[in-house]
Amino acid sequence: MQKIKDTKSNMRFIPSVDRVLNTTEIKELLNHLPRWLVLMIIRDVLDEIRKSVAQVKGSLDQDMALKKTVDLVKEKIDSIQKTSLKRVINGTGIIIHTNLGRSPLPNEALHLINEVARGYSNLEYDLLEGKRGKRVVHVQDLILRLTGACEAFVVNNNAGAVLLALNSLAEGREVIVSRGELVEIGGSFRIPDVMRKSGASMIEVGTTNRTHLSDFESAITDRTALLLKVHTSNYRIMGFSAEVSLQDMVELGSKYDIPVMMDLGSGNLTHLSFLGLKGEPIVQQVLSTGVDVITFSGDKLLGGPQAGIILTQSSESMSQIKTNPLARALRIDKLTLAALEATLLLYQKMDYISSIPVLRMINLPVKEIKAHAEACLSALLKVNREMMILKIQKDVSNVGGGALPGESMPTYVIGFDKGLISVEVLDRAFRDSCPAVVGRIKDGTYKLDFRTICEEEIPILVKLYECIVNKMVS
Ligand SMILES: *Cc1c(COP(=O)(O)O)cnc(C)c1O
């Protein structure tokens, strides 16, 4: 009974919109914020208070209720003025982390984005001729030099590249693909779904674990437009398995005069075996099989911006692709094009591995990772105030991004064990920081992997930890 009475009387103390508007604090806000926005926030806050007033124990008084409302309005206004998109320090050890924005860009890419975006550019203007040009020319020759392909085109992302290529080359006809390669990438890209949207009919052959060349051959009809191979980027089929090599598919294709396309997933222009990792196909080698069309991403192993790259060995296929109205719908934007050109230019240099962040992180010697972790640990211990138990541990990092599944690299992490602060509280506080820090909890320890945390981020990390510790102490 008492509670209902409290709720009723507390309701009466909820201030009116006008009273809130007339406080000096809100009047101050109105000097630099539009009235409609402040009003909207006040109404939202009052609604929330009305809903939660039943939870208030005891009775409110009028001044308290007004002060509380004003505080909430100010808090909410602060929060809606901050960008939602923000920097994250990646302590997961996953180098190409799709949820954390995949590849960090090289400085050269950031520089060209800035140049091109701050004013006008020759995006679609031929400065030599003084007339309209095409945006793809800025990367076309560069891609051809780096890969040895005959024709190149770029679109918004690899999903778009696959859709565009399938639609241009096989709409209304059949595409043969192995059941072992009907991949799904991150929930929203599935080969069967993209195939359906492209207007091509998918002819599945073989079984999940074994597909033979004869399966492809017996599925070929006069409706066959394409043989498709998909790189199984995020998983491996182990044990009793068989897949048809691209080389064999190309030979079969040429016997029946049917083009072969491969969705490579991650575009690898390096010889990753230099980096101690094997198994991710190299674009140049894939092309040397004679495959007709390949597509890959710009922001996986390539280490550039989100983009989809299409390479073909014949100008007929490429002209079908370029003249497709979908090409316009999927076109690359100028910021991406700038970042892509600048990243690709680096591949023409000797030291490209050190200037492309993704490749640098893959190539980082374990000794260096350990040194960074140790430097960070000693700085953390100075601000730790015995709040957590810190230690250096050996661990493994992954490339991620649908590249090199099952391959891992040795690394060092700082492990945070529960002290006065629990690992869950630390995890949450790090995610709330600005920049945010994302690590992982494994076996009850919060871990930060120094393969993906660069040297410049160490002082920032220490400062953030110091703030968290100080907040807990006070
Ligand atoms: C990642 C991937 C895609 C999707 O590429 P996006 O650039 O993310 O659109 C398609 N196919 C394969 C095999 C992939 O690995």
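This is a predicted model, so every value here is computed, not measured. In what follows, residues are counted from 1 in the order of the sequence shown. First listed ligand is number 1; within each ligand, the first listed atom is number 1.
Considering H231, E184, K300 only, the shortest heavy-atom separation from atom 14 (C) of ligand 1 involves K300. When L163, N158, V230, I96 are checked for heavy-atom proximity to atom 10 (C) of ligand 1, N158 turns out nearest. Considering only non-hydrogen atoms, atom 4 (C) of ligand 1 lies nearest to A159 out of G298, A159, G265.
D432 and R428 are joined by a salt bridge, as a carboxylate oxygen and a charged side-chain nitrogen come within less than 4.0 angstrom of each other. Taking the charged nitrogens against the carboxylate oxygens, E217 and K255 do have a contact shorter than 4.0 Å, which makes a salt bridge. The pair K131-E124 does not meet the salt-bridge criterion, since no charged nitrogen lies less than 4.0 angstrom from a carboxylate oxygen.
Geometrically, ligand 1 and R102 share a nitrogen or oxygen pair separated by less than 3.5 Å. Residue S266 places no N or O, backbone or side chain, under 3.5 Å from any N or O of ligand 1.
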Check against side chain to side chain contact (heavy atoms under 4.5 Å, CB included), V399 and I96: CA-CA 6 Å; V399 175; I96 305 167; 3.8 Å; yes
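Each of the following atoms of ligand 1 lies closer than 4.0 Å to a heavy atom of S297: 5 (O), 6 (P), 7 (O).
By the 4.0 Å heavy-atom criterion, V162 is excluded from the residues contacting ligand 1.
Scanning both residues, V423 and G444, for their nearest heavy atoms gives CG1-O, 3.5 Å.
In this structure, R210 is positioned above the aromatic face of F240, its NZ or CZ under 6.0 Å from the six-membered ring centre and within 45° of the axis.
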